[in-house]
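Everything numeric here is computed off the predicted structure, so don't read it as measured data. Note on naming: letters A, B, ... go to the chains in the order of the sequence lines (proteins, then strands), and numbering restarts at 1 for each one.
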Amino acid sequence: MPASRHTFTKDERLRSRKLIEKIIEEGKSISMNPFRISWTITELTTTFPVQVAIAVPKRFFKRAVDRNRIKRLIREVYRKNKSGIYSLLQSKEKQCAILVVFNGRKVPDYEEVEKKFLLTLQRFEEAILKNSR
RNA sequence: AAAGUCAGCCGUUCUAUCGUCUUCUUGCCAUCGGUAAGAGGGAGGAAAGUCCGGGCAGCAUAGUGCAUCCCGCCUGGCGAAUAGCCGGGGAACAAGGUGAGCAAUCAUCAUGUUACAGAUAGUGCUACAGAAAAGGAAACCGCCCCAUGGUAGCAAUACUUUAGGGUAAGGGUGAAAACGUGAGGUAAGAGCUCACGCUCCUUCGUGGUAAUGCGGGGGAAUAGAAAACCUCGGGAGCUGAAAGAUCAAAUAAGUUGCGGUGAUGCUUCAUCACGAAACUACCAAAGGGUUGCACGCCCGAUUGUCUGUAAAGAUAGCCGCAACGGGUAGAUCGCUCGACCCCGAAUUAUUCGGGGCGACAGAUAAAUGAUAGAAGUCCUUUAUCUUUGGUGGAGGAUACAGAACCCGGCUUAUAAGCUGACGAACCAG
């Protein structure tokens, strides 16, 4: 597994309706403005340790262009900074399904997303560590 | 002129790094997939709203009515199209020019506008203001008559108070005041009467493919809005890609239970008897279909075996219903070229073959991207030169917006640029 590469292929995306429903029903979550991460430790059908889905609510962003833009920004930041989570989960030999929700009201720029999402990811890693003990 | 408004056209480009979906080729792992590399392709004029019309798919389909939805002047062209667009014409309306008329109004000219069937089928509505807002209703001011009191006057009469009545001409309110103008008439007035005029219906003649125009006769009515309901005419079977198909059987086979039929009546023919054929009814005996509803219509087992003297009964088969069973947000297909044109063949409205024309993203919790830099275009400012311009510097702007089965339209959103129209001044009055 070439963990150093910043890829984001089909298998790294969370594409199963069932799993998403499972996260919403029984997953744990942390919030940190403007992001919210929900996850559940489960077995996946892929060899990657994590599958991610990104959601932007239609309530706050009526136009599809805005929603697409936000999703793409979050995806880029995740793609470039996912290695920490990967190595963490691989060391625990676990797999995880994650749902990222953007709760802001304005379309952010790249710098803002990078700064805040990285912080959120850190909190997420800490939460995983706590839970596995 | 400039700003601006409206309509149409157009809808910037390149490089680097890191990524993404898809097709093909090659290598490796390995077996129908994974992975790596390379090459090709990867949002729009509206992809949007989902407002019309189709293709395609499934289900349904004798027929009629009701409901629901869509369309609404005529004609020619394009078109699959009763959609839409373009051209021509008709009608209505608007503010103008010219002419006729006492006037209302009419004729004509050019321009613009029109979801342009019906408000004279019916029900309801018409804010505010106003006395009154739709049975030809309504009396605030005004006008007139009669009675009565007062003042002035010799008197006629004039002014005036109060009560009753008449009056829709005038004023005022309003988007709109219930036909308009002129004359007669009257106490004052009024379609009360007459003439002319406006609107609608009908009939005859005539021009036009038609919408409809012109002329004559007869009749009726007189506000607006049909984008309030509605009426008339024309059209539409219903549901939409989460359609639908396939993935070992795929809500099948099979099993069980319940109900029914098996075994109704009548007519004709035939026989010693058994029987045969057709019809009808309960709605059959249960049930099903007609996919919004109703009427109506249609489908639907009735064929054997056994027991019994017979009546009848049992059962197979068949029909219907219910339960069990198997499946359940996974994969593949649909899913990416065509409602196009020409020729030939078969054949009778389709198929096959060949050629041409124009297109050629195919994702599925959602690919087509992110970051950095540069160019282009436009604006502001500034410097300079060979000054109606050119060349530099600095700063700013670069819209609306993201495919979701596919087409043809409509509607709405749009920076900058381009094109056209309107729009100032001047002249005249």
Side-chain angles (χ1 to χ4, degrees):
Chain A
M1 178 80 43
S4 59
R5 292 202 59 213
H6 305 308
T7 59
F8 194 65
T9 57
K10 249 183 171 178
D11 277 345
E12 293 176 75
R13 293 176 220 154
L14 182 54
R15 297 162 71 229
S16 159
R17 249 163 222 258
K18 269 184 162 177
L19 268 179
I20 290 169
E21 279 168 20
K22 194 178 171 191
I23 291 174
I24 292 169
E25 276 173 25
E26 54 191 69
K28 297 164 187 170
S29 68
I30 54 168
S31 278
M32 197 173 165
N33 193 40
F35 300 100
R36 200 184 67 154
I37 295 184
S38 307
W39 78 93
T40 184
I41 304 287
T42 182
E43 288 207 357
L44 303 174
T45 53
T46 177
T47 52
F48 290 98
V50 183
Q51 283 191 326
V52 183
I54 300 166
V56 179
K58 214 172 185 176
R59 257 174 67 202
F60 303 143
F61 299 96
K62 268 187 136 184
R63 290 179 302 175
V65 175
D66 295 337
R67 293 198 298 276
N68 279 348
R69 165 83 185 170
I70 294 168
K71 279 192 212 169
R72 282 163 178 164
L73 287 174
I74 296 173
R75 195 176 63 201
E76 284 298 308
V77 175
Y78 173 79
R79 181 171 70 80
K80 288 178 178 167
N81 299 285
K82 64 181 181 176
S83 53
I85 299 171
Y86 272 37
S87 52
L88 177 68
L89 282 164
Q90 275 169 343
S91 65
K92 305 274 179 195
E93 292 182 349
K94 277 178 181 165
Q95 287 186 314
C96 182
I98 301 178
L99 176 68
V100 179
V101 180
F102 183 79
N103 274 326
R105 306 293 148 94
K106 283 184 183 172
V107 181
D109 56 22
Y110 182 77
E111 282 182 25
E112 190 183 346
V113 172
E114 190 172 42
K115 213 166 124 191
K116 294 190 173 168
F117 190 64
L118 284 181
L119 282 174
T120 315
L121 276 183
Q122 268 184 21
R123 290 255 321 255
F124 170 66
E125 284 178 33
E126 287 163 17
I128 293 268
L129 275 173
K130 264 187 208 167
N131 265 298
S132 57
R133 269 169 204 158

Selection from [options] that lies nearest to any side-chain heavy atom of [X]:
X	options	result
A:V65	B:A370, B:A401, B:A367	B:A401
A:A64	B:A370, B:G19, B:A403	B:A403
A:R75	B:G369, B:A365, B:U371	B:G369

Whole angstrom value for the distance that separates [atom2] of [N] from [atom1] of [X]:
X	N	atom1	atom2	result
A:R63	B:A46	CZ	C1'	15 Å
A:K62	B:A413	NZ	C1'	14 Å
A:Y110	B:A372	OH	P	9 Å
A:N68	B:G42	CG	C1'	15 Å
A:L73	B:A372	CG	C1'	15 Å
A:K80	B:U20	NZ	C1'	14 Å

Complement of B:C14, any strand, by Watson-Crick or G-U distances under 3.5 angstrom: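 Its partner is B:G373 (Watson-Crick or G-U wobble, both distances under 3.5 Å).
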Distance test, side-chain N/O of A:R69 to OP1/OP2 of B:A370, below 4.0 Å: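 Answer yes for this pair, as a side-chain N or O of A:R69 is under 4.0 Å from OP1 or OP2.
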Contact under 4.0 Å: A:R79 side-chain N or O vs B:U20 OP1/OP2: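 For A:R79, the contact criterion (side-chain N or O under 4.0 Å from OP1 or OP2 of B:U20) is not met.
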Sugar-phosphate only, base, or nothing, as touched by A:I54 at under 4.0 Å among non-hydrogen atoms: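 It contacts nothing in the nucleic acid.
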